[in-house]
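Notes to accompany the following structure.
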Amino acid sequence: MPTTSTDPRAAAAALLVPGTTCHGFAVERCETVPELDSDAYVLRHTTSGARLLHLACNDENKAFAIGFKTPPADSTGVFHILEHSVLCGSAKFPVKEPFVDLIKSSMQTFLNAMTYPDKTIYPVATTNEQDLYNLMDVYLDAVFNPAIYTKPTIFEQEGWHYELDLPEGAGGDGSAASLREGTLRYNGVVFNEMKGALSDPMSVLDDAVNAALYPDTAYAHESGGDPRAIPALTYEQFLDTHARHYNPSNSYITLYGDLDVDRALAFLDERYLSQPSAASRRMDAAVAAGEDPSALAPNPLGVQTPVTCEYKRVEMATTPENALVGLGLVLGSALDRKRTIAADILFEALLGSNEAPVKKAILAAGLGGNVVSYTAAECLQPYELIMLQNAQPGVARELRRVFQDACRDLCEHGVPRERLEAIISNNEYDLRQRDYGIADGVAIACDALSTWLYDDDAATLALKYGPVYKELRGELEGSYFEDLLRELVLENDHMALVELVPVDAAEGSEGAEAAELAAKRDAMTDAELADVVERTAALRAAQEAEDTPEDKATLPRLRVSDIGEARPEPPLVVDTTAPIPCLRHGIPTNRLAYAMQYFDLSCVAFEDLPYVTLLCRLLKQLPTSEHSAEELDNLLAGKLGFLSFTTEVMTQPDVDGVRPYLLVSAGALSEKIDALASLPREVWSSTLLLDADADRVRDVLTQIRIGLEQGFINNGHSAALGRAMSYTSPSAVVREQLSGVDFYLFLRDLLEHFDEQLDNLRAKLAELADRIFVADGCLASFTGSDEDFDAYWDAAGDLGLGAGDGAGSGTLVVPEPRDRREAFVIPSDICFAASACDPRRLGINVTGAWAVAANALSYDYLWNEIRVKGGAYGCGFRAAGERQAAFYTYRDPAVDPSIERVERAGAWLGSFEPDEAAFEGFIVSCVSGMDAPVKPYALTKRRNTTYLAGLDPHAREERRAQMLAATPGELRSLGADVTRIAAASPTCVFGGRDVIAKSNAGFNVVDLLG
């Protein structure tokens, strides 16, 4: 609930008068931002030079962010390591992990930090105003007065350090001889994170394109850190970099939402901006010692003069399927918003779908499996990256030729106006929906910095997009887009062509690192080797040391009494007066409407489920009896906000019960209800499946394969969780058949035998469409106003659904789950692991107290054991409702140590003795997570899932009440069950071959990507 009684816009207008000063802030100007229903105030702190943007609006999900301009001078990842490290304790809050403590104890709806190629941002969001000040206090002290200056172990933990592993059976007496038997290795959270990040060929290619486009600027460097360069960073360089950049004059502060801005400004001024900081004291000392003040300035961020890279080859140890070609085109200046937005629209129109003219030309040339493009707008000189995936060898220059020829033809004959208009309409839908996937204020603060960072007068430039879109609609009448295309593609002297060539793993970075470390070990003296062991022991001691009660007491905390009542939701109504039974949601949508249809898949045989997924992906990609594929593509983009065909599997109250659905989801502006009613129906009922073009189908299937492989590499924990659940849960077995490893293996086989399977594929898809899209078992859902509801059904009628003939009904028989003990080899230097089960099989009733226990396990025990000590980037325990319990690790350097730590989790919980404040914090954070605002579409899907999974509609209220009533004793009593879950949960791993080979867990190793 809002915590201020006055209208925030009126209060800000009365206080922040341009030309006046408020709490040390000079109010420079005020602008209305109608796109965000807010008023923007631009201020500057007169003493410190800090910049501030306040966006006054009625959003209860308030936000604060502080960012710094941080262009790197090398690829050591110093700013990424700083992002992690400053959140490991500060002068005012000397606990080891204040960031984690806030996750455990606040009502935050967003809490994180992000390193960009030229900036670092620390944003938070919450619906509680006092919580906002608590979060601001901890974050501001973290960035200005971090403990890094007195605790070098923070740098070692988050950045990098040496460790010496003795082989099994080697002498452990600490003698020089035994130490010489050891294997020297690097460890560190950021070091391991970037090993995972740079296992993604697309990231490696993007880095290479940036280095070629901007060779003389900060963008030539890997801001996250290259694992080959990270160990070159020294502790002194680390501290020096912080002191030069983390000062108020280099900062950008954003306040957003319904908050008391008078109190916020006074807080910022009195607590931090008018006070000396650790960084300023270090700088003053350097000047006093005679250092040149100009040498103490932040790193420069310069403009790159145009350069042309005709061709660059980059090698990477990865599978042949990951061959890539990237063509980078610099668009101009970040401050030319019209040009950047127009370029984004233009390239989306040319490359955004298989029917887009330039993508179609590239696919027809047979150069690779897929083409994707994106506009990188959050840098000083935005660029477009066109990327050919699954590229054939040596096609880089041919890709550029085909791309330029297709663009030249469009310059001469015109870019199709229906495509451009459709993209503009679709973008405007997204802008009205404002579903950023994170708290609005956080996304807006980051957006603002995409121009503000480069010009103090451009604080709101990126936020005021309305006039730009109006102007671009007007440009559809002339040659603006053709002229822009000619400038960017045919006349651009600032571009780069880069080819990523897969090589054998033995030639890759892992082998080079091992050789480098072996040489370092051999060059070390006995004393230096002993020092490695001693420093590792000191780091372990620091990691294992408990925060003192006095240190813990410094942290600001909310109490359970600060939690308001549960957010009321309108009742879910099953409207049986509609032609199709309809779940009706009375949720405000800002003049948008969402329509869904759930089609029961229990009529589909288990072995046919992969074909259902292919059906979902091919619908919209093929012509219908009314429109060509290109016409349909334009029509959908122009008339609908989105249309998707997906599958969802609902676990049922019976532990063996499973009900899969094909879900059709669509959204539209209220003024386009007729299209919302007619277009999905046209696609599912009249797509020409029996005549599907072979090349078009092959392209789509190849793109699905590429997407799955990217998911295994980048989000292996999700793949591992799904696979591990399939060892015990019938629902997960079905999910694997629809979208997991089993589907991937089916798809690979289908592509390998595509020509001989094509006719069967066409017939199977047509037969399934006839069987699935029927009224029997169909359930509709609608979210929107009463007027839109009536208009939708008036236009939709019965959706053209027949009753179905019942042929093949009731044929879904799910195979018995079994533990396969699989470890899937992927091209990576790290691993992802998961252990999961359905607790109902163990007779365990998962109540709301389990959510509190999961919070404690994830952010206390597992965080400290697996992330802090083990060096994994992420880890956690989930207890999702009553139907899943799972442990997972993310970008983990080793398998077995994490498994062992998971096995001890129950014992830790069984002896859990938190102090009252800490335990209350666990409850607060759990309940606030449940109470966090949800966008209309996500809320609709959640409520529909509750209904279709047979969950009690009051289950969330009961779970919330159980969280509030949880006690430490109740959590300790769950320890034995956590031990049982860990023992009974089969484990699945996705990881690099070398990491898996070091495990003694006896996995069945599967070379997943061939």
Side-chain angles (χ1 to χ4, degrees), residues 84 87-89 93-108 111-112 134 138 153-154 157-158 189 539-558 560 835 848-879 885-890 892 897-929 963 966-979 981-982:
H84 284 240
L87 295 171
C88 292
F93 307 107
V95 295
K96 291 190 302 180
E97 298 277 1
F99 172 74
V100 182
D101 287 323
L102 291 175
I103 293 176
K104 295 188 292 188
S105 63
S106 76
M107 295 181 69
Q108 55 87 18
L111 183 76
N112 212 329
N134 294 349
V138 174
T153 51
I154 295 174
Q157 171 183 292
E158 299 300 322
V189 173
L539 175 59
R540 288 287 178 269
Q543 291 169 334
E544 293 173 357
E546 293 286 337
D547 291 320
T548 67
E550 293 77 14
D551 288 346
K552 291 179 181 178
T554 62
L555 282 170
R557 297 185 184 276
L558 295 180
V560 169
S835 305
W850 277 87
V852 183
N855 206 355
L857 283 164
S858 296
Y859 293 111
D860 200 324
Y861 173 75
L862 294 173
W863 181 279
N864 197 48
E865 292 292 320
I866 294 178
R867 189 184 192 277
V868 173
K869 297 180 187 177
Y873 182 52
C875 56
F877 173 69
R878 297 178 181 178
F887 293 90
Y888 70 93
T889 70
Y890 180 80
D892 196 341
S898 293
I899 291 176
E900 292 167 7
R901 286 159 170 152
V902 163
E903 290 170 350
R904 299 196 295 268
W908 178 88
L909 188 63
S911 59
F912 185 48
E913 292 281 359
D915 60 52
E916 181 181 354
F919 187 75
E920 203 164 13
F922 284 124
I923 294 175
V924 167
S925 60
C926 281
V927 175
S928 68
M963 292 177 187
T967 65
E970 185 176 8
L971 263 64
R972 286 193 293 274
S973 72
L974 302 179
D977 283 340
V978 170
T979 298
I981 287 171

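Basis for what follows: all heavy atoms, side chains included, without hydrogens, waters or symmetry-related copies.
- Under the salt bridge (charged side-chain N to carboxylate O under 4.0 Å, His left out) criterion, D547 pairs with no residue at all, not counting sequence neighbours.
- Looking at S105 and V924, their side chains never come closer than 4.5 Å, going by heavy atoms from C-beta outward.
- The two atoms that bring A542 and K96 nearest to each other are O-CD, 3.5 Å, heavy atoms only.
- The aromatic rings of F922 and F919 lie perpendicular to each other, with more than 60° between the two planes, well past the 30° mark.
- With values rounded to the nearest 0.5 angstrom, L111 atom CG is found 6.0 Å from S106 atom OG.
- Going from atom OG1 of T153 over to atom CZ of R540 covers 11.5 Å, rounded to the nearest 0.5 Å.
- Side-chain contact between L974 and F912: absent, with no pair of heavy atoms (C-beta onward) separated by less than 4.5 Å.
- Shortest non-hydrogen contact noted between T979 and G906 is OG1-CA, 3.3 Å.
- When all heavy atoms of R901 and G870 are compared, the closest pair comes out as NH1-CA, 3.6 Å.
- The closest side-chain heavy-atom distance from Q157 to H84 is not below 4.5 Å.
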*Let me see the working for K869 and N864 under side chain to side chain contact (heavy atoms under 4.5 Å, CB included), right down to the final yes or no.*
CA-CA 6 Å; K869 297 180 187 177; N864 197 48; 3.9 Å; yes
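- In this structure, CZ in F99 is found 15.5 Å from CZ in F93, a value given to the nearest 0.5 Å.
- A donor-acceptor contact shorter than 3.5 Å is absent between the side chain of R878 and the backbone of A885.
- Taken from OG in S928 to CD1 in I923, the straight-line distance is 12.0 Å, to the nearest 0.5 Å.
- Taking CD of Q543 as the start and CD1 of I154 as the end, the distance is 11.0 Å to the nearest 0.5 Å.
- When each of W850, W908, W863 is checked for a side chain to side chain contact (heavy atoms under 4.5 Å, CB included) with L857, only W908 meets the rule.
- Between E970 and A849, the shortest heavy-atom contact is OE2-CB, 3.3 Å.
- The distance from atom SG of C875 to atom OH of Y890, rounded to the nearest 0.5 Å, is 12.5 Å.
- Between E97 and C88 the shortest side-chain heavy-atom distance falls below 4.5 Å.
- Residues A917 and R557 come closest through the heavy atom pair CB-CD, 3.6 Å.
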*Please assess L102 against Q108 for the test side chain to side chain contact (heavy atoms under 4.5 Å, CB included), listing each intermediate value before the final yes or no.*
CA-CA 8 Å; L102 291 175; Q108 55 87 18; 5.9 Å; no
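- What you find for K104 and S925 is that their closest heavy atoms are O-OG, 2.7 Å.
- For the pairing with P98, the side chain to side chain contact (heavy atoms under 4.5 Å, CB included) check across I103, T554, V138 returns one residue only, V138.
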